Amino acid sequence: MNENELLAELLLPGIKNTPDYYENLYPLRNLPEGARVTRVAPSPTGYLHLGTLFTALVNRMIATSSGGVFYTRIEDTDKKREVEGGIADIIGGLDRFGIAIDEGFISGEEERGAYGPYKQSCRAEIYQCYAKELLKKGLAYPCFCTAEELAAMREDQEKLKVRTGYHGEWAKHRNITYAEAKANVEEGKPFVIRLRSGGDESRRVVFEDVIKGRIEMPENDEDFVILKSDGIPTYHFAHAIDDHLMRTTHVFRGDEWISSAPKHLELFKVLGFKPVKYGHISPIMKLDGGAKRKISKRKDPEAAVHFFAEEGYPTAAVIEYLMTIAASDFEDWRKANPDSDYRDFKFNPKKMSVSGALFDGDKLNDVSKIMISKMQSGDVYAALTDWAKEFDGEFYGILTENPDYTKKMLAVDRDGVKNARKDFAKWNECKDYFSYYFDSLFTPSYTLPERVSREDAKAFLSEYIKTYDPADDRSVWFDKIKALAPALGFAAETKEYKAAPDKFKGSAGDLSGVLRLAITGRANTPDLCGIMSVLGFDRCASRINLYINNV
RNA sequence: GGCCCGGUGGUCAAGUGGCCUAAGACACCGCCCUUUCACGGCGGUAACACGAGUUCGAAUCUCGUCCGGGUCACCA
């Protein structure tokens, strides 16, 4: 054995496999030409974040559009920051949003697929095997620097105004001898393993980013850590090994990773792997004061995907919105294919924005309103009660006390209508929106429409209630209003009134406004005829009397 | 500060040297339709960060300036 081999044996004595073993264990995938293998690799340091959902959606679409595979991998190499239940929340969240997972973690604890384990903490031996190989070849070495020494080194570098980091002459242990290393190990000193970088800062590394195009940067020359002192790899090393062994073809990840791409490329080269293709996704931004910034977990409620569930946005609406930011040609496609499943959209990474999109709540609302307007009452009932059950127990009780009544209410201006209303974007708006259907939520309003006097309102209402029949269809219903108009000095037809505004106090439309106020306490509601029919005669009559007595 | 990546209406964006008098969507405003409320239809306000250069011709190519974002860990 030469010195490098002795060193490798000294540092990682338990590792017996060689890289060949893993190369054979995880053969190339048998997929058609052009199929892309993508993944999302969340770190369970928190709950599902909008950016993670977005990244997952993009990777999912890339795989789907190419007939490939999309898998999940848990990057839990930082045990200090890990959050209990994080994996279940993240994977469960992806599932709730309809992101299908072909392979990897499919729930908090189950995984499937032939390229696992899919959790990095279970792959220590694999990483160590490759690290050992690098050690044997002299491409890596142990470093015994303490955190304090490293910090002191950084201070010195800052004072001297030289580039900070563990590189070149600053790489203290770069030329450590086997004997020195052995002595340190025997003393029980902790060590990390660093890459012996062959890069040169004055040379350029170039790669073709699938989203951003050609990117050129100085080569990495830093002897960065590949194995931490606990034997667990850093992100960089785990990324190279895992994405190679799991036979990933394309890595779409946040663009904060661009700056470490030279490290990754060097790792692929040194390890003898074919590099993956990168696509760096611009982050979703948020306007803070006057400044744009990346959406942040701490400051922005909408950063945590949980926010959308609480607000009651249908998951499909959030996905639809995300698709509009992800692909600039998605909205055109949607216009041409209004009823297609978004998964049928051919996703082209070239159509992804190179700059970060500002999160636009107005746009989300619009997308969501359209989505909800297309749902039939039965589906709305299911989704709304599901939401209420979790987030508004009182409303849930009211909604489900009489399901038939609630469903009839939801059918007004919805079922059998070509273009349904777009009145609400999320379920938490419904309690207020539908309040007048329920006596316990109803708030009367004793105001008057612009052109109707108190006396006329009372006179109209007391006559009207004598003729009202919930069985009336829309035209009969309005004819009855029209019939009462002339006697009160109102025009029966809107056109009549418009033609000669001086001859009338207003039109039948104004009278129906009084009715609306009396019945619902609102100036704006869906089709009043339909509402009254759901409410029933008694409830309508009592509200009308209440109004007459109080206005 | 070094290194990257960006900069077209308030927002998302189309645009790859002449089809640009710059598309579309959201938001906003107006009009029309209308049996109320909506839906819908039609229209409007509003943009190429700035300065040089290349060219017959620049939103598009080059350089500089400015502005914004990201990154410089035994975190991912």
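This is a predicted model, so every value here is computed, not measured. Chain A is the first sequence line, chain B the second, and so forth, proteins listed ahead of strands; every chain is numbered from 1.
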What is the separation between atom [atom1] on [X] and atom [atom2] on [N], rounded to the nearest whole Å?
X      : N     : atom1 : atom2 : result
A:R73  : B:A76 : CZ    : C1'   : 12 Å
A:F424 : B:C39 : CZ    : C1'   : 14 Å
A:L160 : B:G1  : CG    : C1'   : 15 Å
A:R214 : B:C5  : CZ    : C1'   : 15 Å
A:Y141 : B:C74 : OH    : P     : 12 Å

Exercise for the section: Could you check which residues of residues 517-530 of chain A get a heavy atom under 4.0 Å from RNA chain B? Sort them by number, please. Expected result: A:A523, A:N524, A:T525, A:P526, A:D527, A:L528
Handout entry: Stretch residues 317-328 of chain A: residues that reach within less than 4.0 Å of RNA chain B through a heavy atom
Key = A:S328
Problem - Charged N-O contact under 4.0 Å between A:R451 and A:D456 - result: no
Handout entry: Pair A:R474 + A:D413: basic N to acidic O under 4.0 Å
Key = yes
With sequence neighbours excluded, residues passing side chain to side chain donor-acceptor pair (under 3.5 Å) with [X]:
X      : answer
A:E149 : A:T146, A:K172
A:H173 : none
A:E429 : none

So, is [X] close to the [N] phosphate, meaning a side-chain N or O under 4.0 Å from OP1 or OP2?
X      : N     : result
A:S353 : B:A13 : yes
A:R414 : B:C39 : no
A:K228 : B:C75 : yes

Not counting sequence neighbours, which residues clear salt bridge (charged side-chain N to carboxylate O under 4.0 Å, His left out) with [X]? List them please.
X      : answer
A:R123 : A:D242
A:D362 : none
A:R543 : A:D439
A:K263 : none

Looking only at atom [atom1], what distance separates [N] and [M], rounded to whole Å?
N     : M     : atom1 : answer
B:U60 : B:G1  : P     : 27 Å
B:G9  : B:C50 : P     : 10 Å
B:A38 : B:C33 : C1'   : 12 Å
B:G7  : B:C12 : P     : 12 Å
B:C32 : B:A23 : C1'   : 25 Å
B:U65 : B:G6  : C1'   : 16 Å

Which nucleotide sits closest to the side chain of [X]: [options]?
X      : options             : value
A:R421 : B:C37, B:C75, B:G15 : B:C37
A:T77  : B:G6, B:A76, B:U36  : B:A76
A:T164 : B:U35, B:C72, B:C75 : B:C72
A:S512 : B:G15, B:A76, B:U36 : B:U36
A:W477 : B:U36, B:G15, B:A76 : B:U36

Problem - Anti or syn - B:C39, cut at 90° from 0 - result: syn
Return the polar atom pairs (N/O with N/O) between nucleotides 2-4 of chain B and the protein under 3.5 Å, or none.
| unit_1 | atom_1 | unit_2 | atom_2 | d |
| --- | --- | --- | --- | --- |
| B:C4 | OP1 | A:R204 | NH1 | 3.4 |
| B:C4 | OP1 | A:R204 | NH2 | 2.9 |

Problem - A:R522 versus A:S435, side-chain donor and acceptor atoms under 3.5 Å - result: yes
Problem - Name of the residue among A:T72, A:D243, A:N59 meeting side-chain hydrogen bond (donor to acceptor under 3.5 Å, both in side chains) with A:R39 - result: A:D243
Handout entry: Worked check of salt bridge (charged side-chain N to carboxylate O under 4.0 Å, His left out) between A:D230 and A:K79
Key = CA-CA 11 Å; A:D230 56 3; A:K79 287 296 171 189; over 6 Å; no
What's touching nucleotides 25-29 of chain B from the protein side, N or O pairs under 3.5 Å?
| unit_1 | atom_1 | unit_2 | atom_2 | d |
| --- | --- | --- | --- | --- |
| B:A25 | O2' | A:E331 | OE2 | 3.0 |
| B:A25 | O2' | A:K363 | NZ | 2.3 |

Practice task
Dump the intermediate steps for salt bridge (charged side-chain N to carboxylate O under 4.0 Å, His left out) on A:E493 and A:K482, then the final yes or no.
Solution key: CA-CA 7 Å; A:E493 303 293 338; A:K482 283 202 275 195; 3.2 Å; yes
Exercise for the section: Please confirm whether A:F54 and A:F252 have ring centers closer than 6.0 angstrom. Expected result: no
Problem - Ring centroid separation A:F144 to A:F191 under 6.0 Å - result: yes
Practice task
With pairs defined as Watson-Crick or G-U wobble and both distances under 3.5 angstrom, please note down RNA chain B as a dot-bracket string, | for pairing with another strand.
Solution key: ((((((((.[[[..)..(.....]]].(((((.......)))))....[[[[[..)....]]]]])))))))....
Practice task
Among A:H236, A:H264, A:H167, find the one that has a ring-ring contact (aromatic ring centres under 6.0 Å, His included) with A:F224.
Solution key: A:H236
Problem - Side-chain-base donor-acceptor pair under 3.5 Å for A:R516 and B:U36 - result: yes
